[in-house]
Enquirer: 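I'd like to ask some things about the structure below.
In what follows, chains carry the letters A, B, and so on, assigned in the order in which the sequence lines appear, proteins first and then strands, with residues in each chain numbered from 1. Just so it is clear, the structure is predicted and the values come from calculations on it, not from any experiment.
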Amino acid sequence: MFLTNLSKLKKLSVPFKPKLSPLSFLSTHPENQPHQELALNHQQQSICITNRSYWTKKIHDLCTKHRNVDEALRLLDHLRLRGYLPDSLNLSSIIHGLCDANRFNEAHQRLIIFLTSLCVPDERTCNVLVARLLHSKDPFRTLNVIHRLIEFKPEFVPSLINYNRLIDQFCSVSLPNVAHRMLYDMINRGHCPSIVSYTTLVNGYCKIGEISDAYKLFDEMPEWGVVPNSLSYSLLIRGVLRKRDIERGTELMHVLFQRMRYEEDQSVNSAAFANLVDCLCREGLFNEVFMIAEEMPQGNRVNVDFAYGHLIDSLYTEGMKKVLVKDYVSKKNGFPALSRPM
DNA sequence: CTAGGGTTAG
């Protein structure tokens with residue numbers, strides 16, 4: 001024990017030695033300076049704080065090239081004490097740096113701090129920053145930032161895609177009601193919801209079993225000139241089948257295959273087809289799957305290789321699950337495990 | 001050549 005601890009100590013003490021050496025303080029070569037001392041660099045002390053482009057680049061380089069946001073923040077604090085007012089470029093560098101380092105809580109917090117010191121970026125930058133904050137998958141926090149942005153910049157309108165991503169994130173934490181409010185928010189701020197907005201919400205309600213709310217959305221879509229696409233139907237079917245409403249599910253399958261016929265976006269058809277096959281397999285409705293495999297009701301609206309590939313894939317995956325469950329149940333009941341051929 | 005910068009449903 002002692003020996004190992006001692007040897008650990010010895011090993012640990014080695015890298016610290018050079019730093020403790022008084023000689024290191026004599027070094028004036030910038031490359032020999034540890035990062036922590038950059039803010040106090042003598043050469044930089046003499047650079048005027050009005051040289052904004054110099055400091056902006058410095059802060060940006062610290063956040064990107066050196067991946068050292070903390071040093072950038074320290075430098076910014078230092079400059080602020082000398083009367084420098086951070087601008088939206090500095091703000092942008094810092095927020096991007098924090099997001100790159102996966103420090104999303106700080107990124108949200110820091111953006112609000114910048115706002116309260118009246119550093120408010122332009123519309124485009126606001127949307128770029130919101131887009132980055134959305135990677136945190138913390139919709140409440142990001143929504144709070146959006147509210148603060150609007151507070152300081154009343155004309156700010158989050159982009160349609162940012163709204164849609166926010167809707168998706170509220171749905172994925174099982175809060176489609178909150179997501180639905182986002183839809184009305186975006187309408188109030190002048191957006192026309194897109195098919196992505198509505199399909200996301202349909203899926204959100206289906207995931208928590210609120211099928212009737214999902215249905216209501218199909219009535220609401222035309223008010224905004226939105227036409228449900230094959231993926232919208234496919235996701236609704238998933239919700240309906242999960243409720244074991246086979247009759248309504250098969251009914252909707254016909255609607256889906258009709259809709260596929262005039263779907264312009266082939267990738268939407270592929271996604272809709274894949275989702276349908278997946279949930280049919282998961283629900284054990286193999287007859288329907290075999291019907292699809294034989295009759296191919298999607299015709300040439302889905303790439304044939306993709307369709308067969310996905311059918312085989314889903315059947316195989318579900319089949320393996322069944323085998324595993326069977327194996328588990330038989331073991332549990334005391335049956336000997338399957339003997340393997342030598 | 002005035003800095004930099006994100007993109008959704010499955």
Enquirer: Given R110(A), which partner from the list V69(A), L91(A), L73(A) fulfils the side-chain contact (heavy atoms from CB on, under 4.5 Å) test?
Expert: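 Passing option: L73(A).
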
Enquirer: Return each pair, listed once, that meets salt bridge (charged side-chain N to carboxylate O under 4.0 Å, His left out) where at least one residue sits in residues 189-213 of chain A; pairs must be two or more places apart or across chains.
Expert: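 Salt bridge (charged side-chain N to carboxylate O under 4.0 Å, His left out) check on residues 189-213 of chain A returns D213(A)-K216(A).
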
Enquirer: Determine, for R74(A) against D77(A), whether the closest basic-nitrogen to carboxylate-oxygen distance falls under 4.0 angstrom.
Expert: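 Judged by the 4.0 Å cut-off on N to carboxylate O distance, R74(A) and D77(A) do not form a salt bridge.
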
Enquirer: Should L129(A) and H96(A) count as side-chain neighbours, where that means a heavy-atom distance under 4.5 Å?
Expert: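 SC-SC contact between L129(A) and H96(A) confirmed.
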
Enquirer: Quick one: salt bridge (charged side-chain N to carboxylate O under 4.0 Å, His left out) partners of D122(A), sequence neighbours excluded?
Expert: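 Residues passing salt bridge (charged side-chain N to carboxylate O under 4.0 Å, His left out) with D122(A): none at all.
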
Enquirer: Between E123(A) (CD) and dG6(B) (C1'), how many Å, whole number?
Expert: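 The answer, rounded to whole Å, is 14 Å.
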
Enquirer: Under 4.0 Å, counting only non-hydrogen atoms across every strand here, what does V268(A) touch: a base, just sugar-phosphate, or nothing?
Expert: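 Since a base atom lies under 4.0 Å of V268(A), the category is base.
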
Enquirer: If you take any heavy atom closer than 4.0 Å to DNA chain B, which residues from residues 92-112 of chain A end up in contact?
Expert: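 Heavy-atom contacts with DNA chain B come from S92(A), H96(A).
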
Enquirer: If you look only at pairs with a residue in residues 148-167 of chain A, which of them pass as a ring pair (Phe, Tyr, Trp, His ring centres under 6.0 Å), with sequence neighbours excluded?
Expert: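 Passing the test, one end in residues 148-167 of chain A: Y163(A)-H191(A).
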
Enquirer: To the nearest 0.5 Å, tell me how far C48(A) SG sits from R82(A) CZ.
Expert: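 The SG atom of C48(A) sits 7.5 Å away from the CZ atom of R82(A).
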
Enquirer: Nearest whole angstrom, please: distance from the P of dA9(B) to the CZ of R259(A).
Expert: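 After rounding, the gap between these two atoms is 19 Å.
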
Enquirer: Taking salt bridge (charged side-chain N to carboxylate O under 4.0 Å, His left out) as the cut-off, I'd like each qualifying pair that reaches into residues 89-103 of chain A, sequence neighbours left out, listed once.
Expert: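 Sorted result for residues 89-103 of chain A: D70(A)-R103(A), D100(A)-R132(A), R103(A)-E106(A).
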
Enquirer: Nearest whole angstrom, please: distance from the C1' of dA3(B) to the CZ of R52(A).
Expert: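 Interatomic distance, CZ of R52(A) to C1' of dA3(B): 12 Å.
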
Enquirer: Rounded to the nearest Å, what distance is computed from the CG atom of residue D87(A) to the C1' atom of nucleotide dG4(B)?
Expert: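 So the CG-C1' distance, D87(A) to dG4(B), works out to 11 Å.
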
Enquirer: Under 4.0 Å from any atom of DNA chain B, heavy atoms only: list the residues of residues 211-235 of chain A that qualify, in numerical order.
Expert: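 Hits under 4.0 Å, by residue number: N229(A), L231(A), L235(A).
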
Enquirer: For residues 163-185 of chain A, which residues have at least one heavy atom under 4.0 Å from DNA chain B?
Expert: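 DNA chain B contact set from residues 163-185 of chain A: N164(A), R165(A), D168(A).
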
Enquirer: Which distance, rounded to the nearest 0.5 Å, do you find between the CD of E151(A) and the CD1 of I112(A)?
Expert: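 E151(A) CD to I112(A) CD1: 9.5 Å, rounded to 0.5 Å.
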
Enquirer: Just checking T64(A): base, sugar-phosphate only, or nothing, at a heavy-atom cut-off of under 4.0 Å?
Expert: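 It contacts nothing in the nucleic acid.
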
Enquirer: Give the rounded distance in Å between these two atoms: CD1 of I146(A) and C1' of dG6(B).
Expert: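 So the CD1-C1' distance, I146(A) to dG6(B), works out to 13 Å.
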
Enquirer: Ignoring hydrogens and geometry beyond distance, is the side chain of R124(A) in donor-acceptor contact with the base of dG6(B) at under 3.5 Å?
Expert: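 It does, because a donor-acceptor pair links the side chain of R124(A) to the base of dG6(B) below 3.5 Å.
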
Enquirer: Please identify each residue that fulfils side chain to side chain contact (heavy atoms under 4.5 Å, CB included) with D278(A), with sequence neighbours left out.
Expert: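 In terms of side chain to side chain contact (heavy atoms under 4.5 Å, CB included), with neighbours along the sequence ignored, D278(A) is linked to R282(A), H310(A), S314(A).
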
Enquirer: Sort and list the pairs that fulfil ring pair (Phe, Tyr, Trp, His ring centres under 6.0 Å) and have at least one residue in residues 203-238 of chain A, not counting sequence neighbours.
Expert: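 Of all non-adjacent pairs touching residues 203-238 of chain A, those that pass ring pair (Phe, Tyr, Trp, His ring centres under 6.0 Å) are H180(A)-Y205(A), F218(A)-Y233(A).
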
Enquirer: For H135(A), which contact category applies under a 4.0 Å heavy-atom criterion: base, sugar-phosphate, or nothing?
Expert: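 Since only primed, P, OP1 and OP2 atoms lie under 4.0 Å of H135(A), the category is sugar-phosphate.
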
Enquirer: Near DNA chain B, under 4.0 Å by heavy atom, which residues of residues 114-122 of chain A?
Expert: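 Those residues: none at all.
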
Enquirer: Touch check for S53(A), heavy atoms < 4.0 angstrom, all strands: base, sugar-phosphate only, or nothing?
Expert: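 Base contact - S53(A) has a heavy atom under 4.0 Å of at least one base atom.
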
Enquirer: So, S270(A) versus S267(A): side-chain donor-acceptor pair below 3.5 Å or not?
Expert: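 Short answer, no.
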
Enquirer: Which nucleotide wins on minimum distance to the side chain of V128(A), given the candidates dA9(B), dG6(B), dG4(B)?
Expert: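 From the listed options, dG6(B) comes nearest.
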
Enquirer: Which distance, rounded to the nearest 0.5 Å, do you find between the OG1 of T199(A) and the CG of L231(A)?
Expert: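 One finds 6.0 Å between OG1 of T199(A) and CG of L231(A).
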
Enquirer: Between N164(A) and T200(A), does the side chain to side chain donor-acceptor pair (under 3.5 Å) criterion hold? Intermediate values first, please.
Expert: CA-CA 8 Å; N164(A) 286 346; T200(A) 307; 6.0 Å; no

Enquirer: Measuring from the side chain of N127(A) (C-beta onward, heavy atoms only), which nucleotide among dG6(B), dG10(B), dA9(B) has the closest atom?
Expert: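 So the side chain of N127(A) is nearest to dG6(B).
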
Enquirer: Would you call E155(A)-K153(A) a salt bridge at under 4.0 Å N-O?
Expert: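 Counted as a salt bridge, because a side-chain N and a carboxylate O are separated by less than 4.0 Å.
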
Enquirer: Find out whether the Lys NZ or Arg CZ of R301(A) is both under 6.0 angstrom from the six-membered ring centre of Y262(A) and within 45° of the ring's axis.
Expert: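 Checked: cation-pi criterion not met.
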
Enquirer: How close or far is atom P of dT2(B) from atom CG of N90(A), stated in whole angstroms?
Expert: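 Rounding to the nearest Å, CG of N90(A) and P of dT2(B) are 19 Å apart.
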
Enquirer: Between P on dA9(B) and CG on L134(A), what's the gap in Å once rounded to a whole number?
Expert: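 Value for this atom pair: 11 Å.
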
Enquirer: In whole angstrom, what separates D265(A)'s CG from dG10(B)'s C1'?
Expert: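 From D265(A) CG to dG10(B) C1': 12 Å.
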
Enquirer: Using the ring pair (Phe, Tyr, Trp, His ring centres under 6.0 Å) rule, collect all pairs that involve residues 110-148 of chain A, keeping only residues at least two apart or in two chains.
Expert: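 Only F140(A)-F170(A) qualify under ring pair (Phe, Tyr, Trp, His ring centres under 6.0 Å).
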
Enquirer: Tell me which residues in residues 148-161 of chain A put a heavy atom below 4.0 Å from DNA chain B, sorted by number, or none.
Expert: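 Heavy-atom contacts with DNA chain B come from S159(A), I161(A).
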
Enquirer: Closest to the H60(A) side chain: dG6(B), dA9(B), dG4(B)?
Expert: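 That would be dG4(B).
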
